[in-house]
Number of protein chains: 2
Amino acid sequence: MEMDERKAKILQAIIRNYLETGEPVGSRTISKYTDLNLSSATIRNEMADLEEMGYIVQPHTSAGRIPTDKGYRFYVDTMMEAKEQELAEVKDVLLQRQDRLEDMLRSLVKFLAKDTQYATMITAPSVQKNRLKFVQLSRVDEHSYLAVIVMEGNIIKNRLLAVDEAIDDETLLKLNMLLNTQLSGMAVQDINLSIISRMKTQAGIHSDIISNVIDAVGEVIAEDEDLQVYTSGTDNIFRYPELADQQNASQLISAFEEKQLLGNLLIGESDESGEGPGTGIQVYIGGENASQSMKDCSVVTATYELGDGLRGTIGIVGPRRMDYDKVVGTLKTLQTKLDDIYGRKEE
Amino acid sequence: MEMDERKAKILQAIIRNYLETGEPVGSRTISKYTDLNLSSATIRNEMADLEEMGYIVQPHTSAGRIPTDKGYRFYVDTMMEAKEQELAEVKDVLLQRQDRLEDMLRSLVKFLAKDTQYATMITAPSVQKNRLKFVQLSRVDEHSYLAVIVMEGNIIKNRLLAVDEAIDDETLLKLNMLLNTQLSGMAVQDINLSIISRMKTQAGIHSDIISNVIDAVGEVIAEDEDLQVYTSGTDNIFRYPELADQQNASQLISAFEEKQLLGNLLIGESDESGEGPGTGIQVYIGGENASQSMKDCSVVTATYELGDGLRGTIGIVGPRRMDYDKVVGTLKTLQTKLDDIYGRKEE
DNA sequence: TGTTAGCACTCCATTTAATTGAGTGCTAAC
DNA sequence: GTTAGCACTCAATTAAATGGAGTGCTAACA
């Protein structure tokens with residue numbers, strides 16, 4: 001048996017209807033809902049076929065049909081119309097200062113949760129190139145010095161160092177010169193022992209503090225690697241009865257508590273084909289999710305880029321009967337806007 | 001009617017038992033559970049009295065008794081034994097570097113959630129004195145300069161400034177000198193217009209950038225004022241059936257999503273009497289909570305201090321039948337450990 | 001050969017009734 | 001003041017009855 005146009009139309013009608021209502025869809029409903037002008041009996045025959053083919057199932061003998069993962073998959077792959085979304089307000093969110101990236105991400109993920117009414121998550125962008133732009137050591141008080149580290153993409157990090165030895169202003173200036181001539185523009189993975197030992201030699205009696213700074217750089221990078229995940233709208237799962245029962249809700253909320261594990265969900269393989277909006281948008285339906293706790297959910301992920309190779313992932317989690325058209329549309333639109341803001345700059 | 005010793009013992013037995021089981025407690029149970037050697041009939045009489053006095057109620061005519069808010073209040077005020085808790089691991093958490101305060105708070109709140117099995121929250125400490133310690137402007141690249149602002153308590157903030165005019169190294173040095181001589185040690189609220197205009201005069205043609213830096217300082221302070229709240233263990237509410245039903249769970253999870261509102265819960269009035277561990281620990285039982293969404297919960301709050309006037313609040317949220325002894329004990333112990341680490345330093 | 005009306009059948013969901021049992025209040029005796 | 005005894009109450013559980021949405025199948029029709 002194979003999928004003909006009429007079957008596809010019926011399947012689409014079933015799915016559309018189920019997305020709206022969340023109730024199993026009967027043959028009579030479809031008979032009226034579509035413009036196919038077929039009696040419920042005919043629809044019943046077709047539905048029996050669609051069930052045999054695995055696109056829909058009955059929760060029990062005398063109920064209507066609901067889509068299977070395979071059904072949704074077919075819908076998403078061939079019938080979905082990702083409409084561009086109005087996201088006027090988001091522009092304000094995105095235009096927040098670059099040096100308040102965290103706030104921006106928090107606002108963004110909150111905005112998306114409110115807009116879509118699903119649970120949302122976003123990973124902080126991780127630097128692809130990891131190039132050092134600027135390093136500076138400053139005296140804060142007698143025994144504490146502040147190392148400021150700026151990376152490509154204007155990621156700024158601070159580390160406070162406890163230092164016993166006194167360093168006079170002139171030496172400090174020299175050390176800073178040394179740090180910047182050696183490290184500026186350098187890719188982090190290229191900082192090897194020979195460079196370090198050369199710097200230490202040049203620093204003379206202050207080689208200790210140079211080690212400290214370099215250690216700090218190492219730490220900062222490491223820190224950046226266990227990626228931060230921001231979430232919002234986890235309470236939205238209570239909007240969908242199929243997720244709101246105790247078992248499910250508990251599992252999902254727990255999953256959202258474990259940011260680290262969540263992150264792993266987001267950094268799955270992404271299609272690297274092409275450029276521009278729509279790239280890297282992925283839909284995981286029900287059982288397709290890597291995580292067991294998400295087996296009754298669908299997850300839509302999208303990569304985003306803030307320029308300078310700063311790349312992260314957004315995830316939107318809802319019930320299987322998520323409004324895929326809207327969610328994918330929203331993410332596409334968001335990507336477009338980000339492109340407008342950051343993409344252009346790069347050229 | 002008044003509370004005599006025997007009534008108190010019975011009330012205590014009822015509460016202890018209810019805390020454990022979560023089931024209404026009957027007279028027979030108490031008759032056996034206590035060493036009072038009284039028959040269930042006598043207990044029944046006493047229970048009737050306790051009910052009349054408002055310490056306990058029956059969920060329905062033929063059920064055992066459960067404590068009222070007033071009953072818990074009596075227990076907490078007069079019978080609780082806040083035992084010191086073993087919190088060996090927490091020391092590692094607390095000893096994290098000061099310049100990674102956020103990480104420390106996240107770890108701490110997570111630790112407490114795991115230890116107590118309740119939902120936890122913590123506000124980032126807000127600076128009481130708000131004194132500037134150090135300000136520095138550095139060139140990152142041609143058009144962007146970095147303002148580093150360090151406040152008393154080693155709170156470090158960064159702001160990236162876009163600057164059109166070129167500033168040579170020497171000028172930069174001078175500007176930094178100017179910034180620090182004028183601003184170091186200064187309380188933020190004392191930076192007034194006359195100081196600003198004096199600085200601008202001294203900066204000459206570079207007065208613009210000085211304004212920028214001062215604006216940045218203002219922003220940084222403002223930013224610090226809308227306090228960050230970290231939460232953990234919200235999934236723990238599902239451990240307690242009385243909180244886990246859809247209505248309640250949904251409300252609570254929503255409340256925990258709204259960090260800002262949560263914060264208000266935490267910064268209610270605190271008893272300012274005395275010093276040392278146990279100070280500023282507050283218990284809010286059921287309806288005593290300011291927030292409607294917490295009406296079926298009890299909240300225990302404690303202030304904490306990291307030295308240098310850095311003060312914040314911890315909150316632990318559980319069911320009414322929370323293990324008050326343990327929670328209060330845990331918070332006291334935590335305060336002691338913080339005192340050990342930070343308190344000593346100050347003298 | 002595809003479509004449709006008709007009908008018996010299935011099974012979940014909801015309502016109603018019956019049963020159980022923990023726990024009480026009250027009385028009367030100690 | 002304490003306690004045994006007993007009738008009573010009421011939530012919770014189990015069982016039975018009812019209703020209805022929706023199906024599959026058959027037979028007739030275009």
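As a basis for the values below, the full set of heavy atoms in this structure was taken, side chains included, without hydrogen atoms, waters or symmetry mates. We name chains A, B, ... by the order of the sequence lines, and we start the count at 1 in each one.
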Q: Decide, yes or no, whether a salt bridge links A:Glu257 with B:Lys110 under the criterion of side-chain N to carboxylate O below 4.0 Å.
A: no
Q) Salt bridge or not for A:Arg65 and A:Glu51, using N-O below 4.0 Å? A) yes
Applying ring-ring contact (aromatic ring centres under 6.0 Å, His included), can you list everything that pairs with [X], at least two apart in sequence or on another chain?
X        : answer
A:Tyr230 : none
A:Tyr55  : A:Phe74
B:Tyr240 : B:Tyr118

Q | side-chain hydrogen bond (donor to acceptor under 3.5 Å, both in side chains) involving A:Asp77 - partner list, sequence neighbours excluded | A | A:Arg73
Q) How many angstroms lie between atom CE of B:Met121 and atom CD1 of B:Ile314, to the nearest 0.5 angstrom? A) 11.0 Å
Just list the side-chain donor-acceptor pairs under 3.5 Å for residues 11-20 of chain A, sequence neighbours left out, or say none.
residue : atom : partner : partner atom : Å
A:Arg16 : NE   : A:Tyr75 : OH           : 3.1
A:Arg16 : NH2  : A:Tyr75 : OH           : 3.2

Q) OP1 or OP2 of C:dC12 sitting under 4.0 Å from any side-chain N/O of A:Ser62? A) no
Q. Does any residue of residues 26-56 of chain A have a heavy atom under 4.0 Å from DNA chain C, and if so, which ones, in number order?
A. A:Asn37, A:Leu38, A:Ser39, A:Ala41, A:Thr42, A:Arg44, A:Asn45
Q. Going through the checks in order, is the side chain to side chain contact (heavy atoms under 4.5 Å, CB included) test met by A:Val300 and A:Gln282?
A. CA-CA 6 Å; A:Val300 181; A:Gln282 217 98 31; over 6 Å; no
Q) 5' to 3' on DNA chain D, which nucleotides open and close the contacts with chain B (atom under 4.0 Å from a heavy atom)? A) D:dT2 to D:dA11
Q | salt bridge (Lys or Arg N to Asp or Glu O under 4.0 Å) involving A:Arg6 - partner list, sequence neighbours excluded | A | A:Glu46
Do any N or O atoms of the protein come closer than 3.5 Å to N or O atoms of nucleotides 14-20 of chain C, and which pairs are they?
none

**Q.** With B:Gln260 via side chain to side chain contact (heavy atoms under 4.5 Å, CB included) - residues at least two apart
**A.** B:Asp226, B:Leu227
Q.
B:Lys83: which residues meet the side chain to side chain contact (heavy atoms under 4.5 Å, CB included) condition with it, sequence neighbours left out?
A. B:Gln85, B:Asp325
Q.
Just checking A:Gln246: does its CD atom have more than 12 heavy atoms from other residues, nucleotides or ligands closer to it than 6.0 angstrom?
A. yes
(Q) Rounding to an integer number of Å, can you tell me how far A:Gln58 CD sits from C:dC9 C1'? (A) 13 Å
Q | Gap between atoms CZ and C1', on A:Arg6 and C:dG2 respectively (whole Å) | A | 8 Å
Q: Under 3.5 Å for both distances, Watson-Crick or G-U wobble, that's the pair rule; now give the dot-bracket for DNA chain C, with | marking pairs to another strand and [ ] for crossing ones.
A: ||||||||||||||||||||||||||||||
